[in-house]
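Below you'll find the structure, written out as C-alpha cells, and then a few comments.
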2 protein chains.
Amino acid sequence: MIEHRTLRVALLGAGSVGSQVARLLLDNTDELSERAGARLELAGIAVRDVNAPRDVELPQELLTTDAHELIVGADIVIELMGGIEPARTHIIEALQSGADVVTGNKALLASHGAEIFDAADQVGASVSYEASVAAAIPILRPLKDSLAGDHVRRIFGIVNGTTNYILDRMDREGADFDEVLADAQALGYAEADPTADVEGHDAAQKAAILASLAFHTNVPLEAVHCEGIASIDAAAIENAKNAGYVIKLLATCEQLPGEGADGEAISVRVYPALVDREHPLASVRGGNNAVYVEAAAAGPLMFYGAGAGGRETASAILGDVVSAARRHIAGGVGIGESARGDRPVAPIGRITTRYQITLDVADKQGVLATVANILSDGGVSIARLEQTIAEDETGANRARLVIGTHRAREQALSDTVENLAASDVVVRVVTVLRVEGE
Amino acid sequence: MIEHRTLRVALLGAGSVGSQVARLLLDNTDELSERAGARLELAGIAVRDVNAPRDVELPQELLTTDAHELIVGADIVIELMGGIEPARTHIIEALQSGADVVTGNKALLASHGAEIFDAADQVGASVSYEASVAAAIPILRPLKDSLAGDHVRRIFGIVNGTTNYILDRMDREGADFDEVLADAQALGYAEADPTADVEGHDAAQKAAILASLAFHTNVPLEAVHCEGIASIDAAAIENAKNAGYVIKLLATCEQLPGEGADGEAISVRVYPALVDREHPLASVRGGNNAVYVEAAAAGPLMFYGAGAGGRETASAILGDVVSAARRHIAGGVGIGESARGDRPVAPIGRITTRYQITLDVADKQGVLATVANILSDGGVSIARLEQTIAEDETGANRARLVIGTHRAREQALSDTVENLAASDVVVRVVTVLRVEGE
C-alpha cells in the first residue's frame, strides 16, 4: 500500500449524509487511503449535540461541538451542515487555514459560490461539490473536466427526486397532486414542508450551479426563473399524455442564439415542462435524477442515477475527498473557479420554445376563429389543435381547447395568453406548458 | 484571460478523430487556453503522408512525417494513430521526455496498458484515455475520480456502436443479421471488414479497460471472455421479444461473490445477452453507447451518449488535453495507475446468471419430461417454459422449446446443454443466451 503521509479529515455535520460519510470513511479506510495515496484519518465530527440520535452508529470519541478546533489543523474539511450559516464561515475558515473543502451544500454554493471560490483561489485550495447536484450521479466533474475541451449548448436536468416521484406517480396512476404528495410525505419521499422541492427552489439552486460550471460564469440564484409543480393536476397530465408527452420538472440551462449584445446571453430556468415520451428523460422514474447535456462536439449525453439518499450522496462526497487528497499530496495549484466570466442571464421572455395551451372556452359558434385570430395577431403559430366537449362540475357542457404551438418567443406567447384570458370566448386559461428537450 | 505560459501540443495521426481534434484545437484556441490556464499551441501533426486527402482542411505547414522530432519538446502528446506500433514506441518516448500523453488507442491500452502506466509513473507524467471507451461519454474519469470513494460492483456496457446499430435494427424491423450488416456497411456504420466489431473484440478491449479502472487491477485482454453476435438471427430476436427481452452485446465487468481464495475474483466478459425491455439499457438505440455502473454506495448509475464519430471522440480527447494542461501547469505528481493490484479474473464457468435455452425437439410424447430430467440432473432449475409447434423448411412439424432458467452456474449450465444436445429427443440446440442486468 502507498502511504506517503496522513491527511486529517474533519467532518462538519452528522445528518443522513454526514453519518454515512463517517461510517464509510471508518469502514473503508485502507481502501480509500490506497486510492488517495495518503492515509485518510477522520479527525473528528462536529455536531450540534453529541448525544443526539444518529442514523448510524458513530464512535462517541470523534464527536465534538467545537467545529473551530476541528477545522484548524485539518487537511480536508467536509461540510455537511447545510444552510448558509455557520457553514459559510466554517468553509472560509477552512480554506484560509489551507484545507481543501468538500461540500454538498447547494443552497450555500448557489448563493455564495463566488465568494467561496475566491477564498479558495486566494490560497490555492480546492472546493469540490459533486454531491450538491444529483447526489451520486457524477455530473459536475464531467462538466468541469471531461467536457473542458467542448462547448456545452444546453442542459436539461431532472434534478429533484421528490417532484419526479410525484409527477411520475401522477403520470402512471392518474392520481392528483395533493393525494400523491400526502402519500410521498407519509413514505418519506417528501418533507413535511415540501415547499423547497414543490416550488422548484431546490432545482433552481442546482440549475445555478450547473449553468455556472457549464458556461464558465457566475449565475446568481436570483437570475434563475423558477416555477413549481403545484399547478399540475391530473387533467394536465392527461392532456400531456394524449399529446405524446410526459410532464417533468426540468432545470434547463441554455446558451441563447447570439444576436448583438445578447450574443453571450444564457437562460437558466426551472419549470414543469412537456417532454416527448420517446426522449430518454421521459423514462426517468420515481425519485431518480438524470441530466441531459448537449455539447457542440460530443452531441447529446445523459447521466442517470439516484437523486437523493444518505449513502448515495456520501459516494459523491467520498469521491471528492479522495480527489482532494490526491491533489493535496501532489502539491501544486490547479486552475481555480474564480476566473469565471459574467455572462448575462436573459429574462424568461427571451427564450424560444414550443408551448401547449389548454383553454376552457365557451361552447358556441366562432370560438375557434376568435382564438386562432388572437394567436395569429400575437405572432404565435398553431401546430396542432384539439377540441373536446366535457361536462363541468355543474353538469353543463364545457368545451376545452388544447393548442400546440410552433416555436415562439416567450414574451410574445405570454402577451398572447393575456389576450386570450381577456377574450370573452375564453372561460379560463387552464395551463400553459412549455415543450423541452427537442 | 489567464495565460501563464505556452504548452506545445503534438498530434500524432490525422484520421477521422485526429483531424477533428486538430480543427477544434485551432478553431477554439482562446477558449481552450483559458480553461487550461495555459496557451495551447498545436506544434504539429505527424502523418504518414502529408499529401493524403483529409476529412477536414488542416494547415499544410503543421503536417510532418517526422513524429520523433515533434514529440521531442512537446508538453502534451496526443496519440491517435491507432494500432500497436509505432504508437507504443511513440507514447513511451513522449513519456520519457516528460510529456503528458492523451490517447484513444484501446487496442494498445488493452494489450500494453501496464507497460505504459509504468513508464508514466516512473517520470510522474500522466496518461489519459477517456476517448478509448464509449467515445464522447465521460465514463473513465467518473470511474477513476467520482467513484474513487465507492466500491464498484458491476458494470454492464453497450460499448460498441456498430453491433448495437445492427441488433437494434434487427429488433425493430425483424430483419436478419446478414441483411442489416450489409446495409450498415453501405451506410458507413460498419467497416468493410466488420470482424473486430461483430466478433466482440472491440468490446472486449473496452471491457478490459473498464474492469481495470473499476476494480483497480490489470485485466489482460486474454482474460476477457468474448463472444460475438454473428449467431443472433431474426428468430433469436423474436424469441427474446416474446419473453420481454431485447438482445444487446454487453461488456460485463463484475465482482464475483467471495468464496475462499476466489473471494477477490472478478469476471470480465463480452457476449450478446438478454436485457429486460424495461431496463434503461434496453432503450439505447442505433449506434449509441451506454454504460451502466452499480456501486455499493451510489447504487445504479448510467452514462449515455454517442459511441463513435470523429467530432464526438475529439470532445473526449480535448477534455483530456485541457485536464493534462491544468496538471502540467499545476505541477506536482498525481497518484499513478501502476499501483494497481492483480485480481484474478475468473473463467467464464464461474459466473452465475439466468439463461434462456432454445431447443428444436422431436414432436412426440415424453419430450418435455426428458428435457426436464436432464436439466434437473444438471442442477439447472426451470423458471419458465414455452413450447411452440411450427413448420420447418421441409413442411414437417417442428416442436420448439424456449426454456428460461433460474440462476445457475455457467459450468453447470454448459454441461447440461451438452447433455441436452446429446439427447435423442433434442434435434438441435438453437441458442443459449444469458440474461444480464438484473
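Just so it is clear: chains get the letters A, B, ... in the order the sequence lines come, proteins before strands, and each one is counted from 1.
- Within residues 293-304 of chain A, the residues having any heavy atom closer than 4.5 Å to a heavy atom of chain B are A:Ala296, A:Ala297, A:Ala298, A:Pro300, A:Leu301, A:Met302, A:Phe303, A:Tyr304, listed by residue number.
- There is no contact between B:Ala314 and chain A, counting heavy-atom distances below 4.5 Å.
- Between B:Asp171 and B:Arg277, at least one side-chain nitrogen of the basic residue sits less than 4.0 Å from a carboxylate oxygen of the acidic one, meeting the salt-bridge criterion.
- Interface remark: of the candidates B:Ala135, B:Gly305, B:Pro138, B:Pro138 forms the most heavy-atom pairs closer than 4.5 Å to chain A.
- Residue B:Ile137 touches chain A through both its backbone and its side chain, counting heavy-atom pairs closer than 4.5 Å.
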Is there a side-chain hydrogen bond (donor to acceptor under 3.5 Å, both in side chains) between B:His151 and B:Gln255 once you walk through the steps? CA-CA 10 Å; B:His151 199 84; B:Gln255 183 188 322; 3.2 Å; yes
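- A:Thr217 places a side-chain N or O within 3.5 Å of a backbone atom of A:Gly341 that can act as its donor or acceptor partner.
- Contact annotation for B:Ile317: neither backbone nor side-chain heavy atoms come within less than 4.5 Å of a heavy atom of chain A.
- Ranked by heavy-atom pairs under 4.5 Å with chain B, the first of A:Val322, A:Leu318, A:Asp145 is A:Asp145.
- A donor and an acceptor atom, one from each side chain of A:Ser212 and A:Asn218, are nowhere located under 3.5 Å apart.
- Taking every heavy atom of both residues into account, A:Gly149 and B:Leu32 meet most closely at CA-CD2, 3.3 Å.
- The most heavy-atom pairs under 4.5 Å with chain B, out of A:Ala148, A:Ala290, A:Ala136, come from A:Ala148.
- At a threshold of 4.0 Å, the pair A:Asp75-A:Arg8 does not count as salt-bridged, since none of the basic side-chain nitrogens sits closer than that to a carboxylate oxygen.
- Note on ring orientation: taking the six-membered ring where Trp is involved, the planes of B:Phe156 and B:His279 are perpendicular (angle over 60°, cut-offs 30° and 60°).
- Considering only residues two or more places apart in sequence or on other chains, B:Glu79 meets the side-chain hydrogen bond (donor to acceptor under 3.5 Å, both in side chains) condition with B:Thr103, B:Asn105.
- Ion pair A:Arg39/A:Asp30 flagged as a salt bridge, since at least one NZ, NE, NH1 or NH2 atom sits closer than 4.0 Å to an Asp/Glu carboxylate oxygen.
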